[in-house]
Structure formats: structure tokens, C-alpha cells
Amino acid sequence: QVQLVESGGGLVQPGGSLRLSCAASGSIASSDTMGWYRQAPGAQRELVATITSGDNRNYADSVKGRFTISRDSAKNSVYLQMDSLKPEDTAVYFCNALVLSSRLPRRWSAYWGQGTQVTVSS
């Protein structure tokens with residue numbers, strides 16, 4: 001079994017910064033694409049940013065130039081540095097990871113974290 005645990009959410013004023021962290025643990029042989037998604041009240045879950053094992057990054061247009069995704073593959077961890085935060089960034093942020101199981105039968109599966117609340121308000 002694989003678990004993803006996020007941390008780093010909270011309340012911040014507009015223009016402020018937060019750094020989210022996500023660590024994957026359990027029966028992991030390796031990980032490929034990891035990413036962050038968010039879901040605001042009454043809205044669908046949307047992609048924020050992803051990063052592949054080769055460090056190719058993809059960002060939603062709404063966060064380009066403000067958010068930076070990074071990873072530490074040795075720790076099976078992914079991070080999201082969020083700067084110049086806006087009220088519209090308020091949402092629950094979820095970590096996602098594509099993981100190869102270390103147990104047999106080996107297979108790739110996608111896992112989600114439980115989410116961490118980010119609130120941008122004055």
C-alpha cells in the first residue's frame with residue numbers, strides 16, 4: 001500500500017507565499033509523474049502543476065510565473081512553492097503520484113493524498 005501525506009497549507013494574505021509538501025511512503029519501487037491539483041468549493045478538481053521523473057514541468061495558465069513545482073525523487077516527495085497568492089487560489093490542494101509498486105505483481109498506480117486547505121484572505 002502507498003500513502004501520500006501533504007503538509008504546508010494554511011491561511012495567508014493576498015500577495016503572500018506558502019510551500020506545500022507531499023511525501024509518498026509504503027511499497028514504492030519508483031515514482032514517475034507527481035503533481036498538485038486543487039478543488040475550490042462548488043468547483044471541479046483542476047490541475048495546478050505536474051513534474052515528471054525527468055523534471056519536465058507543466059503548469060496551469062492561472063499559476064504560471066507564480067507557482068513552482070519541484071521534487072526529490074530519492075524521498076518520493078513533491079513540493080509546490082506558491083508566491084503572489086490571490087484569493088482565487090483558495091482551495092483544497094491534493095497531491096497525486098504515479099507509483100510503481102515494489103510488491104508483486106509490480107504495476108503502476110496513481111495515488112491521491114487527503115488534501116490540505118489553502119486559504120488566501122485578508
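Taking all atoms of both residues into account, the shortest heavy-atom contact from S84 to S17 is N-OG, 4.4 Å.
Ion pairing between K64 and D61 holds under the 4.0 Å rule for side-chain N and carboxylate O.
Between the Y37 side chain and the W112 main chain, no donor and acceptor come within less than 3.5 Å of each other. Distance alone, capped at 3.5 Å, is enough to place a donor-acceptor pair between the E6 side chain and the C95 backbone. For the pair T116 (side chain) and Y93 (backbone), a donor-acceptor distance under 3.5 Å is absent. Side-chain atoms of D83 never come within 3.5 Å of backbone atoms of G16 as a donor-acceptor pair (strictly under, hydrogens ignored).
A donor-acceptor contact closer than 3.5 angstrom links the side chains of R71 and S73.
Other residues, nucleotides and ligands contribute only 12 or fewer heavy atoms inside 6.0 Å of the CD atom of Q44. Taking a 6.0 Å sphere around CZ of R19, one finds it holds more than 12 heavy atoms contributed by other residues, nucleotides or ligands.
Counting only heavy atoms from C-beta outward, the side chains of V78 and I69 approach each other to under 4.5 Å. Between N58 and L47, some side-chain heavy-atom pair lies under the 4.5 Å cut-off. Residues L4 and M34 are not in side-chain contact: their nearest non-hydrogen atoms beyond the backbone lie 4.5 Å or more apart.
With rounding to the nearest 0.5 Å, the separation of OH in Y79 from OG in S7 is 9.0 Å. Summarising the geometry, atom SG belonging to C22 is positioned 8.5 Å from atom CG belonging to N96; distances are rounded to the nearest 0.5 Å. Atom-to-atom distance recorded for T119:OG1 and L11:CG is 6.0 Å, nearest 0.5 angstrom. A distance of 12.0 Å separates CG in L85 from OG in S121, rounded to the nearest 0.5 Å. Atom CD of E46 is separated from atom CD of Q39 by 9.5 Å, given to the nearest 0.5 angstrom. To the nearest 0.5 angstrom, T33 atom OG1 is 9.5 Å from I51 atom CD1.
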Chi angles and distances behind the side-chain contact (heavy atoms from CB on, under 4.5 Å) call for V63, M82 = CA-CA 9 Å; V63 306; M82 305 186 293; over 6 Å; no
